[in-house]
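What follows is a single structure, written as structure tokens, with notes after it.
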2 protein chains.
Amino acid sequence: MQNSEALGLTAALLAVAGELTQRIHDGVVARGFEGRPAYGFAFTRLAPDGATVTELARHLGVTKQGASQLVEELVAKGYVERRPHPRDARARLVVLTERGWACTRAAEEAAAEVVEGWSGALGGEAEVRALREQLARIAPYGPIRPAW
Amino acid sequence: MQNSEALGLTAALLAVAGELTQRIHDGVVARGFEGRPAYGFAFTRLAPDGATVTELARHLGVTKQGASQLVEELVAKGYVERRPHPRDARARLVVLTERGWACTRAAEEAAAEVVEGWSGALGGEAEVRALREQLARIAPYGPIRPAW
DNA sequence: AAAGATGGTCAAGCAGCTTGACTATATGCC
DNA sequence: GGCATATAGTCAAGCTGCTTGACCATCTTT
């Protein structure tokens with residue numbers, strides 16, 4: 001593989017990622033929620049059982065102060081709430097509210113709509129699943145970073 | 001395809017995009033260039049024959065003031081220079097300097113290194129090429145946006 | 001020639017992050 | 001038990017990279 005082809009792959013990957021992010025954001029807004037794309041990344045970490053600010057910070061690849069500010073914003077908008085941590089009096093558990101869950105479902109719907117459109121371009125759902133599996137194989141385990 | 005799978009695909013895509021961006025950036029820095037990821041996106045537009053600030057702004061999906069500031073930064077670091085536009089006295093053509101070309105080549109090398117690593121995870125170069133072709137099929141033509 | 005559109009810059013503002021300093025609680029070690 | 005150190009979280013200030021608004025020079029249309 002020539003070097004220039006690697007840049008082509010990079011460009012395609014980032015174009016697709018940017019487009020997807022934008023359209024999910026638009027879809028979430030269209031369903032009556034306000035926010036910015038970073039919310040979604042936070043929600044995926046908070047979804048199962050909540051998380052501490054520090055855990056969220058590591059997930060997002062930002063400082064804990066940055067994560068704390070994001071949580072403050074989410075609290076103000078009613079998507080999450082802070083609870084005392086059951087086993088650590090220093091920490092606080094950030095959990096999704098019902099509205100937070102509703103927003104997450106809206107994001108899933110919007111994402112599904114976009115991905116459905118890809119079936120047409122790729123030839124079918126099987127190709128989309130294959131793409132998903134390939135990406136999962138090379139996806140890192142580390143923090144989710146902004147793409148530029 | 002269930003909605004939650006679409007979010008899984010989104011997460012994998014953005015994780016890969018973020019990782020790739022980060023590692024290309026690291027590789028470029030390791031080769032003696034300073035900058036930030038946005039430079040690369042600008043270079044791909046400037047590479048063939050240069051572009052005006054307005055064209056660059058459209059490519060990046062930012063205002064022309066934002067693009068102008070980026071160009072100012074690139075000029076200060078010696079990667080590009082502004083020339084009079086051959087057919088429009090209002091406009092100025094922004095073109096890569098020799099150092100700008102060298103930086104572009106460094107980015108290509110770094111990208112190739114990362115992508116080479118994917119061959120192992122995916123099973124071979126043929127799979128990487130297939131991934132590239134699939135992504136190219138769903139990549140939008142519009143401006144390149146930040147991924148969150 | 002006049003009127004509007006377009007390319008570019010200057011200036012100010014702002015969002016979202018950072019670094020630095022600090023308190024409260026937990027943990028490890030003697 | 002008691003002390004030293006690490007960790008969770010917040011407050012405050014600062015910075016970076018973008019935005020909006022205003023403006024001038026030049027091109028295009030009529």
Side-chain angles (χ1 to χ4, degrees), chain A residues 14 18 21-22 25 29 34-43 45-46 49-77 79-95 143-148, chain B residues 14 18 21-22 25 29 34-43 45-46 49-77 79-95 143-148:
Chain A
L14 293 174
T21 301
Q22 182 68 38
H25 178 252
V29 169
E34 59 172 348
R36 51 196 175 94
Y39 289 6
F41 297 103
F43 288 174
R45 182 64 183 81
L46 300 176
D49 302 300
T52 66
V53 163
T54 299
E55 288 165 347
L56 186 58
R58 269 195 290 265
H59 176 72
L60 296 176
V62 301
T63 60
K64 55 184 184 176
Q65 292 93 324
S68 183
Q69 289 168 10
L70 176 62
V71 167
E72 192 53 43
E73 215 179 304
L74 292 172
V75 168
K77 292 190 174 151
Y79 293 131
V80 307
E81 54 188 26
R82 301 188 213 244
R83 295 194 186 160
H85 193 286
R87 281 176 305 284
D88 190 335
R90 298 170 302 177
R92 309 168 75 179
L93 204 56
V94 180
V95 297
I144 306 254
R145 297 177 174 282
W148 81 355
Chain B
L14 293 175
T21 301
Q22 182 68 38
H25 177 253
V29 169
E34 59 172 348
R36 51 196 175 94
Y39 288 8
F41 297 102
F43 288 174
R45 182 65 184 81
L46 300 175
D49 302 300
T52 66
V53 164
T54 298
E55 288 165 346
L56 186 58
R58 269 195 290 264
H59 175 73
L60 296 177
V62 300
T63 60
K64 56 185 183 174
Q65 293 92 323
S68 184
Q69 288 169 9
L70 176 62
V71 168
E72 192 54 41
E73 214 179 304
L74 291 172
V75 168
K77 291 190 175 152
Y79 294 131
V80 307
E81 55 187 24
R82 301 188 213 245
R83 295 194 185 162
H85 193 286
R87 283 176 303 284
D88 189 338
R90 297 170 302 179
R92 309 169 75 178
L93 204 56
V94 180
V95 297
I144 307 252
R145 298 178 174 281
W148 80 356

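Just so we're on the same page: letters track the sequence lines, and every chain starts at 1. Quick caveat, the model's predicted, so the values are computed rather than measured.
Taken residue by residue, residues 79-92 of chain B places heavy atoms nearer than 4.0 Å to DNA chain C at B/Arg82, B/Arg90, B/Ala91, B/Arg92.
We find that CD of B/Gln69 is positioned 13 Å from P of C/dA12, with the value rounded to whole Å. The separation between B/Leu56 atom CG and D/dC18 atom C1' is 14 Å, rounded to whole Å. Atoms CD (B/Gln65) and C1' (D/dT16) sit 17 Å apart, rounded to a whole Å. We find that CD of A/Glu73 is positioned 9 Å from C1' of C/dA15, with the value rounded to whole Å. What separates CG of B/Leu74 from P of D/dG17 is a distance of 11 Å, to the nearest Å. Whole-Å rounding puts the A/Leu70 CG to C/dA15 P distance at 15 Å. As rounded to whole Å, 16 Å separates atom P of C/dT18 from atom CZ of B/Arg36.
Between A/Leu93 and A/Pro86, the closest heavy-atom pair is CD2-CD, 4.3 Å. The two residues A/Glu55 and A/Thr52 make their nearest non-hydrogen contact at OE1-N, 2.9 Å. What you find for A/His85 and A/Ala91 is that their closest heavy atoms are CB-O, 3.3 Å. A/Arg45 approaches A/Ala51 most closely through the heavy-atom pair NH1-CB, 3.8 Å. The two residues A/Val71 and A/Val53 have their closest heavy-atom pair at CG2-CG2, 4.3 Å. When all heavy atoms are compared, the tightest approach of A/Gly35 to A/His25 is O-NE2, 3.0 Å.
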Inset, instruction - Apply side-chain contact (heavy atoms from CB on, under 4.5 Å) to the pair A/Leu56 and A/Val94, showing each step before the final yes or no. - result: CA-CA 9 Å; A/Leu56 186 58; A/Val94 180; 5.7 Å; no
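An angle of 30°, rounded to 10°, separates the two end axes of the helix from C/dA1-D/dT30 to C/dC30-D/dG1, each defined over five pairs.
The side chain of A/Thr63 contributes no N or O atom lying less than 4.0 Å from OP1 or OP2 of C/dC17. For D/dT10, one of the phosphate oxygens OP1 or OP2 lies less than 4.0 angstrom from a side-chain nitrogen or oxygen of A/Ser68.
Of the listed nucleotides (D/dT10, C/dG8, D/dT19), D/dT10 has the atom at the smallest distance from the side chain of A/Lys64.
For the pair B/Tyr79/B/Glu34, a side-chain contact is recorded, criterion being any heavy-atom separation below 4.5 Å from C-beta on. Between B/Arg36 and B/Leu70 there is a side-chain heavy-atom pair separated by less than 4.5 Å.
When heavy atoms are screened at a 4.0 angstrom cut-off, A/Thr52 is found touching the sugar-phosphate backbone but no base atom.
In terms of position along DNA chain C, the nucleotide closest to B/Ala51 lies nearer the 5' end than the nucleotide closest to the other residue of the pair B/Ala51 and A/Ala67.
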